[in-house]
Amino acid sequence: MARWTPATLEADRWETPTARTLVLSVPGWTGHRPGQHVDVRLRAEDGYTAERSYSIASASAPDRLELTVQLDPDGEVSPYLVGDFAVGDRVEVRGPLGGWFVWDTTAPDPVVLIGGGSGIVPLMAMVRERHRTGSRALFRLLYSLRTPEDRYYRTELGPAADPGVDVFVAYTRTAPPGSARGPERLSVADLNTHGFPAEFAPVCFVCGPTGFVETAADGLLALGHAPDRIRTERYGAGGRR
Amino acid sequence: MNLITRGFHGRRGGDPTRIPPGQYETHDFPVLTVGPTPRVDTDTWTFTITTETGARHTWTWEQLLALPQESPHTDIHCVTRWSKLDTDWTGVSLDTLLEDVETTAEYALAHSHGGYTTDLPLQDLTDGQAWIAHTFDGHPLDPEHGGPARLLVPHLYFWKSAKWISGLTLLDEDEPGFWEQAGYHDYGDPWREQRYRGD
């Protein structure tokens with residue numbers, strides 16, 4: 001776990017104008033569990049290093065992993081990874097890390113995924129791993145974001161992409177023209193309508209900025225979900241830059 | 001191995017005598033918690049130290065506040081890589097709480113409302129190194145940061161500073177807590193970058 005391994009940028013995809021998926025070739029990588037993260041280390045020519053943690057976006061695969069990095073213009077690492085890191089360039093990674101915010105692919109329980117902004121990334125890894133493993137666990141994904149332009153993974157999380165994964169998108173600032181739901185924050189009513197009832201005892205994963213996670217987790221508690229069925233990951237301001 | 005990331009320069013600026021390796025300075029106060037934030041009422045709040053012989057020492061909220069208060073000014077370091085400098089806390093030193101506790105235990109397991117645990121050597125909780133903190137920057141500690149009271153052990157990675165502290169169990173043998181069982185380091189010294197088991 002503690003070993004640093006070279007990772008080479010093999011390809012990229014732009015999810016939005018400020019979010020870039022990095023497809024990394026990592027010889028020796030043996031795969032990961034959905035929801036885990038990696039540490040990334042960058043070293044300047046004079047030996048200065050910076051390290052950050054990023055959630056893994058892809059399903060488990062040998063020798064390969066994908067990260068989606070959101071640009072924070074005030075950050076130190078994300079402007080490089082989003083703007084300058086070129087195909088063929090290298091960083092070091094170590095992992096996979098984290099054993100708690102992880103979906104068990106063998107569990108039949110229904111799953112509620114609640115993502116705010118770039119908090120969608122580890123949840124996308126769960127959706128992709130569900131598809132890869134052929135799991136029949138039913139997923140309901142609630143994705144909160146500011147505007148339609150901020151939406152990641154549009155095709156994969158598009159309409160009727162997978163009958164076992166219901167996707168509800170809550171726009172908080174600007175809703176697409178003609179949509180029935182105006183721009184508003186994800187509410188307890190949304191959680192009630194688009195999640196699973198507490199009686200089904202789903203496992204709930206909530207990821208996003210701190211305030212978002214606090215509100216969503218409190219909402220799940222108010223709807224009767226047991227605290228030990230709610231797993232959270234918070235990106236504090238200044239969290240993953 | 002000294003692999004260079006081409007074109008990376010970094011922003012730097014952190015004070016290397018105060019920012020441990022692999023960390024960066026933040027001026028925010030990020031939150032790391034594994035589940036929903038418990039709301040703990042100070043009317044029913046208690047803090048209990050249970051020794052290796054089973055003896056129990058319990059304080060209510062009023063009793064805690066009636067003890068001598070200290071105001072540590074310190075830097076804190078989270079394993080998720082942020083460090084926050086010059087933080088101000090108020091709370092009760094563990095030296096005060098352990099004063100009348102008879103023990104020869106070597107370890108402590110901290111317990112939280114909500115079920116979280118973390119383990120530490122007892123000697124890291126004494127000699128002015130640890131507090132039960134209830135005030136941050138002059139204000140009552142927010143629930144999301146561990147209020148009404150959290151353990152504060154600033155010389156170790158901050159997951160050791162258990163939020164919503166409910167008690168300490170003193171033990172002859174070390175017993176891994178929540179993150180320690182999940183692969184994180186048993187001790188967690190930020191200056192030696194002890195993030196994960198084996199570091």
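What you see is a predicted model; the values in this text were computed from it and never measured. Here is the naming used below: chain letters follow the sequence lines, and residue numbers restart at 1 for every chain.
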Novice: Whether the side chain of A:R52 engages the backbone of B:R81 through a donor-acceptor N/O pair (distance < 3.5 Å, no angle test) should be reported.
Specialist: no
Novice: Could you tell me whether B:Q63 atom CD has more than 12 heavy atoms of other residues or ligands within 6.0 Å of it?
Specialist: yes
Novice: Could you tell me which non-hydrogen atom of A:Y48 sits nearest to which non-hydrogen atom of B:H9, and how far apart they are?
Specialist: CD2-O, 3.9 Å
Novice: At what distance, to the nearest 0.5 angstrom, does CG of B:L3 lie from OG1 of A:T5?
Specialist: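 Those atoms lie 10.5 Å apart.
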Novice: Taking atom CZ as the centre, does B:R56 end up with more than 12 heavy-atom neighbours from other residues, nucleotides or ligands that are less than 6.0 angstrom away?
Specialist: no
Novice: Please report the C-alpha distance between A:D39 and B:Y196 in whole Å, then the side-chain angles of each, then the deciding distance to 0.1 Å, and finally whether the side-chain contact (heavy atoms from CB on, under 4.5 Å) criterion is met.
Specialist: CA-CA 11 Å; A:D39 284 355; B:Y196 311 110; 3.0 Å; yes
Novice: Return yes when atom NE2 of B:H139 has more than 12 non-hydrogen atoms of other residues, nucleotides or ligands closer than 6.0 Å, and no otherwise.
Specialist: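 No, not enclosed.
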Novice: Are more than 12 heavy atoms, taken from residues, nucleotides or ligands other than A:R146, located less than 6.0 Å from that residue's CZ atom?
Specialist: no
Novice: Top residue by heavy-atom pair count (under 4.5 Å) with chain A, among B:G114, B:G22, B:P38, B:P143?
Specialist: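 The answer is B:G22.
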Novice: At what distance, to the nearest 0.5 angstrom, does OG1 of B:T80 lie from CD of A:E233?
Specialist: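 Interatomic distance, B:T80 OG1 to A:E233 CD, rounded to 0.5 Å: 9.5 Å.
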Novice: For A:D84, is it the side chain, the backbone, both, or neither that has a heavy atom closer than 4.5 Å to a heavy atom of chain B?
Specialist: neither
Novice: What's the shortest heavy-atom distance between A:E76 and B:F8, and which atoms?
Specialist: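 Minimum heavy-atom separation between A:E76 and B:F8: O-CE1, 4.1 Å.
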Novice: Distance check, rounded to the nearest 0.5 Å: A:E51 atom CD versus B:R195 atom CZ?
Specialist: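 Spacing of CD (A:E51) from CZ (B:R195) equals 5.5 Å.
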Novice: What heavy-atom pair brings B:R11 and A:P79 nearest, and what distance separates the two atoms?
Specialist: NH2-CG, 4.1 Å
Novice: Taking everything shown except A:E10 itself, do over 12 heavy atoms lie less than 6.0 Å from its CD?
Specialist: yes
Novice: List the atom of A:Y80, the atom of B:T5, and the distance in Å for their closest heavy-atom pair.
Specialist: OH-CG2, 3.2 Å
Novice: Is it the case that over 12 heavy atoms from other parts of the model lie below 6.0 angstrom from the CZ atom of A:R173?
Specialist: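 No.
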Novice: Side chain, backbone, both or neither: which part of A:E214 has a non-hydrogen atom closer than 4.5 Å to chain B?
Specialist: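 Looking at A:E214, just its side chain touches chain B.
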Novice: So does B:A182 get a backbone contact from the side chain of A:W100, meaning a donor-acceptor N/O pair under 3.5 Å?
Specialist: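 Pair absent, no side-chain N/O of A:W100 close to backbone of B:A182.
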Novice: Locate the shortest heavy-atom distance separating B:R6 from A:A86; write the atom from each residue and the value.
Specialist: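 Taking B:R6 first and A:A86 second, the nearest heavy atoms are NH2-CB, 4.0 Å.
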Novice: Could you name the residues of residues 217-231 of chain A that have a heavy atom within less than 4.5 Å of a heavy atom in chain B?
Specialist: A:A217, A:D218, A:L221, A:P227, A:I230, A:R231
